[in-house]
Protein chains: 2
Amino acid sequence: MRESTALDDMICFQLYAASRGMTAIYRPLLEPHHLTYPQYLVLRVLWHDGPTTVRDLGHTLRLDSGTLSPLLKRLEAQGYLRRERDTHDERVVWAHLTDTGTALREAIGDLTQRLVCATGLTLDELSQLHQLLTRARQSAKGNT
Amino acid sequence: MRESTALDDMICFQLYAASRGMTAIYRPLLEPHHLTYPQYLVLRVLWHDGPTTVRDLGHTLRLDSGTLSPLLKRLEAQGYLRRERDTHDERVVWAHLTDTGTALREAIGDLTQRLVCATGLTLDELSQLHQLLTRARQSAKGNT
DNA sequence: TCGGGTTCGGTTGTGCACAACTAAATTGGG
DNA sequence: CCCAATTTAGTTGTGCACAACCGAACCCGA
């Protein structure tokens, strides 16, 4: 189990750098719609799942209300979604897309190919990468 | 080259989430020394390379002066390093460790094992992960 | 039923990431 | 030699990430 000293630290940096590099690729693709990558993630959840509570958005994206509240406020100000209190449980707030927000899905289109190309990895390698990241995150969730 | 649509988007999110999860593991390990993960990265460069210019720190960590300037100011305020203008080229600023900053290396010790364990991945898998991330970053650097 | 504990969203404060900009020092071509 | 272009660090402004905290709403057991 030795010999990993340098490698693991490099992985942590690669992870950190790769994540920032990934959002840097998204940036010019999302900028025309005045979206950031985290905002885009929220919209993807709403496009996929329909109206969602702030709580569920937080669980899905691993973000707390300290991050989501102002982010959703900005998306609402841009007219992409609206927030409404649940009538039965006043603690809960639902985020639901406006027509503009729904239409945005088509306007943005499929960014996938551009991201895949940027990595220069094959589909097998991407699948491998996905599996490794998922397993590491899964394991880390327990071993805190 | 089809069929990647869902997968690639999941990878981008996994990357984003894994990076934040990684820093979350570092946080309690660094907090006793009042360090953040990016601050720790700067110290690692200085521990490894000795006195370094702000410019080279930026190249190494892929950060610009807008991020590094205040970060270095905070590390200086904590007494871990000092900044000094180059006498021959007044544009250049050198960051060099204080004795406290140098000693910190031993005080923090080797965090590697704890990170490796958290991932639950084997050394082969970590090596694979490292290689995939590096290649993707390398490729993305060109294809922008 | 009622009162303590929990859940939920929001606010505040700190630090990072990055774009856009500034100012000073240096460089290099004419 | 000189001045325009470049390099370098720093500043400002915006948005994300997260800890710490708050208040309101809800839940549940005695």
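Chain naming here is simple, since letters A, B, ... match the order of the sequence lines and numbering starts at 1 in each.
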- Message: To the closest 0.5 Å, what do you measure between NE2 (H59(B)) and OG1 (T53(B))?
- Response: 8.5 Å
- Write down the distance between CG (L63(B)) and C1' (dG15(C)), rounded to a whole number of angstrom. 13 Å
- Are R83(B) and dG10(D) close enough that a side-chain N or O sits under 4.0 Å from OP1 or OP2? yes
- Note: for D89(A) and R62(A) on DNA chain D, the residue whose nearest nucleotide lies more 5' is R62(A)
- Query: Taking atom C1' of dG15(C) as reference, at what distance in whole Å does atom CG of L41(B) sit?
  - Reply: 14 Å
- Would you say dG23(D) has OP1 or OP2 under 4.0 Å from some side-chain N or O of R91(A)? no
- Message: Please report the distance, rounded to the nearest Å, between CD in E31(A) and P in dA19(C).
- Response: 11 Å
- Query: By side-chain hydrogen bond (donor to acceptor under 3.5 Å, both in side chains), which residues pair with R91(B), not counting sequence neighbours?
  - Reply: D89(B)
- Give the rounded distance in Å between these two atoms: CD of E90(B) and P of dA23(C). 19 Å
- Which sits closer to the 5' end of DNA chain C, S65(B) or P70(A), going by the nucleotide each is nearest to? P70(A)
- Note on the structure: Sorted by chain and number, sequence neighbours left out, salt bridge (charged side-chain N to carboxylate O under 4.0 Å, His left out) with R135(B) holds for E125(A)
- Message: When you measure from the side-chain N and O atoms of K73(B) to the phosphate of dA9(D), is any distance below 4.0 Å, counting only OP1 and OP2?
- Response: no
- Taking for T67(A) and for V92(A) the nucleotide of DNA chain C with the nearest heavy atom, the one nearer the 5' end belongs to V92(A)
- Query: Mind checking whether Y37(B) and Y16(A) have parallel, tilted or perpendicular rings, split at 30° and 60°?
  - Reply: perpendicular
- Task: Kindly determine whether D110(A) and T112(A) satisfy side chain to side chain donor-acceptor pair (under 3.5 Å), including the steps that lead there.
- Result: CA-CA 5 Å; D110(A) 189 5; T112(A) 304; 2.5 Å; yes
- Message: Using a 4.0 Å heavy-atom cut-off, does L68(B) contact any base of the nucleic acid, only the sugar-phosphate backbone, or nothing at all?
- Response: nothing
- Query: Is the distance from OP1 or OP2 of dA17(D) to the nearest side-chain N or O of Y37(B) less than 4.0 Å?
  - Reply: no
- Using a 4.0 Å heavy-atom cut-off across all strands, classify H88(B) as base, sugar-phosphate, or nothing. sugar-phosphate
- Within the structure shown, what part of the strands sits under 4.0 Å from T36(B) by heavy-atom distance: base, sugar-phosphate, or nothing? sugar-phosphate
- Establish, with yes or no, whether the OP1 or OP2 oxygen of dA19(C) is under 4.0 angstrom from a side-chain nitrogen or oxygen of R27(A). yes
- Does R85(B) place a side-chain N or O at less than 4.0 Å from the phosphate oxygens OP1/OP2 of dA9(D)? no
